[in-house]
Amino acid sequence: MTTSAVKNNFLPPGLVSNLQEVLLNRKGAQNDKDQQSKPKVDDPSTQPSSSDSVPDVAADDADSTKPVVLVTNADGIESPGITCLVDALVRQGLCNVNVCAPQSDKSVAGHSFTLKETIAVTPTDIHGATAYEVSGTPVDCVSLALSGALFSWTKPVLVISGINRGSSCGHQLFYSGVVAGAREALFNSVPSISISLDWRNDESQESDFKDAVSVCLPLINAAIRDIEKGAFPKSCLLHIGVPKSPLTNKGFKLTKQSLWSSKLCWQAKSSTRNLAAGRFLPNQQSLGMQLAQLGRDASAAGAARKLVTQRKNIEVVESVGIAGKADLDRKVKYFRLELLDKKQEEEDEDLDFRALENGFVAVTPVSLAMHVEADVNAAASKWISSALEVEQ
């Protein structure tokens, strides 16, 4: 109560004083009750988690005494290659397995990454491993995982990319998304291995991935052990090519990157789609103008009509402006890329594709600098020999 209120009530001063005291006591008691009902700031269990952070879905289950291994791939997080590999690593129990992989097939994404766009990251479950699927490329996955924004650990001891469906030999090493995932780790000074299975559509079956894992595990375990000792080759990643019949392989063989390549064949495609319908009415033109600001081609945003004609087996689309005026100078053609096998002339038995053809597990060191290639090959050869001797 304020002083002016006391004067206007014409109450005895003693009664006013008593009322003030009672009201103050009640107010204090209510404040104490409110404070008790509020969560304590110092108690971390009552603090809400940030909506901008992604929780580490299995952080509590991780054994801090075990090394951390990050697994990614290019075929997509639901592909059998990565699920078989993760299952085997988790069952072994020698390391904490973390997965960050594309949600869809990015096999020929190369070393591309997503710029000026937002990617989505979703927790998922793969045989008990801490796992996330990412709406990006293998490079996005590895870069994000190593950035510290996703996982609680600082850095894994090893990044494994694979197992990819199809070989990655010769020039394919540059196109390959699975190799790019391992290369991105190497860019960040993290040892890495990529794995591909020489898949044949008319011969291979999904159980071959499980067999490929059993073939590669000795080398993976040796890598984890020797990385902690500082004995693993530096300045290169190791790409492991598993032959089409993994369990009948002739052993591991250090190989060189060949000039093997596929022929890129572009085929013109005609359209069988229905004609797009509908012009914008005059009262919709303002909306169309707003949509037009979202891109150069308003028709791509649904503000245009496409008139499709067939011309020499090539689809020609007449672009229509917002006001319904045809843009006769703009025509869209459609093509599809097909990869065709080329006959390889190289006969060196130590080349990657030749070793696979002959039934060997091809281990190809991939360096970041061409001038150190000889030193890298020598170091890799020495390590592979010693690693396999220990495992045997």
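All of these numbers come straight from a predicted model, not from anything done at the bench.
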Fill in the blank from the handout: Rounding to 0.5 Å, atoms NZ (K210) and CG (D208) come to a distance of 12.0 Å

Problem - Crowding at CZ, F187 (>12 non-hydrogen neighbours, <6.0 Å) - result: yes

Practice task
Please check if the side chain of N249 supplies one atom and the backbone of S245 the other of a donor-acceptor pair under 3.5 Å.
Solution key: no

Problem - Cluster link L186 to F113, ILVMFWY, side chain under 4.5 Å - result: no

Problem - More than 12 heavy atoms from other groups under 6.0 Å of CD on E228 - result: yes

Exercise for the section: From the options S107, S194, S79, select the one residue that forms a side chain to side chain donor-acceptor pair (under 3.5 Å) with N73. Expected result: S79

Problem - ILVMFWY network linking I77 to L197, side-chain heavy atoms under 4.5 angstrom - result: yes

Practice task
Decide, yes or no, whether a salt bridge links D348 with K256 under the criterion of side-chain N to carboxylate O below 4.0 Å.
Solution key: yes

Practice task
Find out whether L94 and I224 are in side-chain contact, i.e. whether some heavy atom of one side chain is under 4.5 Å from a heavy atom of the other.
Solution key: no

Exercise for the section: Grab the two heavy atoms, one from A185 and one from V142, that are nearest each other, plus how far apart they are. Expected result: N-CG1, 3.8 Å

Problem - Taking every non-hydrogen atom, the tightest pair across A380 and L238 - result: CB-CD2, 4.2 Å

Problem - Spatial distance of atom CG (L237) from atom OG (S192) [nearest 0.5 Å] - result: 4.5 Å

Problem - Intermediate values then yes/no, side-chain hydrogen bond (donor to acceptor under 3.5 Å, both in side chains), D350 and T255 - result: CA-CA 5 Å; D350 291 333; T255 56; over 6 Å; no

Handout entry: Any side-chain heavy-atom pair of P102 and V134 under 4.5 Å
Key = no

Exercise for the section: Give a yes-or-no answer on whether the side chains of D211 and S214 include a donor-acceptor pair shorter than 3.5 Å. Expected result: no

Exercise for the section: Determine whether V361 and P243 make a side-chain contact, defined as any pair of heavy atoms from C-beta on separated by less than 4.5 Å. Expected result: yes

Exercise for the section: Mind listing the closest non-hydrogen atom pair of A109 and P138 along with its distance? Expected result: CB-CD, 4.3 Å

Handout entry: Shortest non-hydrogen separation from P365 to C236 and the atoms involved
Key = CB-SG, 4.3 Å

Practice task
Please confirm whether the backbone N or O of D140 pairs with a side-chain atom of S143, one donor and one acceptor, at under 3.5 Å?
Solution key: no

Handout entry: Full working for side chain to side chain contact (heavy atoms under 4.5 Å, CB included) between Y132 and I126
Key = CA-CA 9 Å; Y132 296 95; I126 303 182; over 6 Å; no

Handout entry: Cation-pi check, K253 onto F360 ring (under 6.0 Å, within 45° of axis)
Key = yes

Handout entry: Side-chain (K155) to main-chain (L146) donor-acceptor, under 3.5 angstrom
Key = no

Problem - Closest contact, heavy atoms only, S176 versus V179 - result: OG-N, 3.2 Å

Fill in the blank from the handout: One should read off an interatomic distance between S135 OG and Q103 CD, to the nearest 0.5 angstrom, of 5.0 Å

Completion exercise
D226 meets the salt bridge (Lys or Arg N to Asp or Glu O under 4.0 Å) criterion, sequence neighbours left out, with none

Exercise for the section: Flag the pair T130 / V97 as yes when at least one side-chain heavy-atom distance between them is below 4.5 Å, and no otherwise. Expected result: no

Exercise for the section: Evaluate whether atom CD of E117 has more than 12 neighbouring non-hydrogen atoms of other residues, nucleotides or ligands under 6.0 angstrom away. Expected result: no

Exercise for the section: Give the C-alpha distance, both sets of side-chain angles, the deciding distance and a yes or no for side-chain hydrogen bond (donor to acceptor under 3.5 Å, both in side chains) between T364 and D352. Expected result: CA-CA 7 Å; T364 307; D352 47 15; 4.6 Å; no

Handout entry: Common cluster, V213/I160, ILVMFWY with side-chain heavy-atom separation under 4.5 Å
Key = yes

Practice task
Check whether any side-chain heavy atom of S367 sits under 4.5 Å from a side-chain heavy atom of S235, and report yes or no.
Solution key: no

Problem - Donor on one side chain, acceptor on other, W153 and N98, under 3.5 Å - result: yes

Exercise for the section: Consider only side-chain heavy atoms of I, L, V, M, F, W and Y, link residues closer than 4.5 Å, and tell whether V139 and Y175 are in one cluster. Expected result: no

Handout entry: E133 CD to S104 OG distance, which is reported to the nearest 0.5 Å
Key = 9.5 Å

Handout entry: Which atom of D75 lies closest to which atom of I163, heavy atoms considered
Key = OD2-O, 3.9 Å

Exercise for the section: Determine whether I193 and V159 make a side-chain contact, defined as any pair of heavy atoms from C-beta on separated by less than 4.5 Å. Expected result: no

Handout entry: Gap between atom OG of S196 and atom CD1 of I240 - 0.5 Å precision
Key = 10.0 Å

Exercise for the section: Can you establish whether the number of heavy atoms outside K382 located under 6.0 Å from its atom NZ is more than 12? Expected result: no

Exercise for the section: Using a strict 4.0 Å threshold on nitrogen-to-oxygen distance, state whether D87 and R91 make a salt bridge. Expected result: yes

Handout entry: W383 and F232 aromatic ring geometry - parallel, tilted or perpendicular at 30°/60° bounds
Key = perpendicular

Exercise for the section: Could you tell me the separation between the NZ atom of K106 and the OG atom of S112, rounded to the nearest 0.5 Å? Expected result: 7.5 Å

Exercise for the section: Determine, using the 4.5 Å side-chain heavy-atom cutoff (strictly less than), whether L368 and L173 are members of one ILVMFWY cluster. Expected result: yes

Practice task
Would you indicate whether the side-chain heavy atoms of R165 and F209 approach each other to under 4.5 Å?
Solution key: yes

Handout entry: Neighbour count above 12 (heavy atom, 6.0 Å) for F252 CZ
Key = yes

Exercise for the section: State plainly whether the residues D198 and R200 are in salt-bridge range, i.e. N to O under 4.0 Å. Expected result: yes

Exercise for the section: Please answer whether the main-chain N or O of A149 pairs with a side-chain N or O of S147 as donor and acceptor at a distance below 3.5 Å. Expected result: yes

Handout entry: Trace of the side chain to side chain contact (heavy atoms under 4.5 Å, CB included) decision for V121 with L144
Key = CA-CA 10 Å; V121 179; L144 175 62; 3.6 Å; yes

Exercise for the section: In sequence, state the C-alpha distance, the side-chain angles, and the governing distance for T72 and V178, and then conclude on side chain to side chain contact (heavy atoms under 4.5 Å, CB included). Expected result: CA-CA 8 Å; T72 189; V178 72; over 6 Å; no

Exercise for the section: For the residue pair E78 and T83, establish whether any side-chain heavy-atom pair is separated by less than 4.5 Å. Expected result: no

Practice task
Decide yes or no on side chain to side chain contact (heavy atoms under 4.5 Å, CB included) for R354 and S258, but give the supporting numbers first.
Solution key: CA-CA 9 Å; R354 287 295 179 200; S258 65; over 6 Å; no

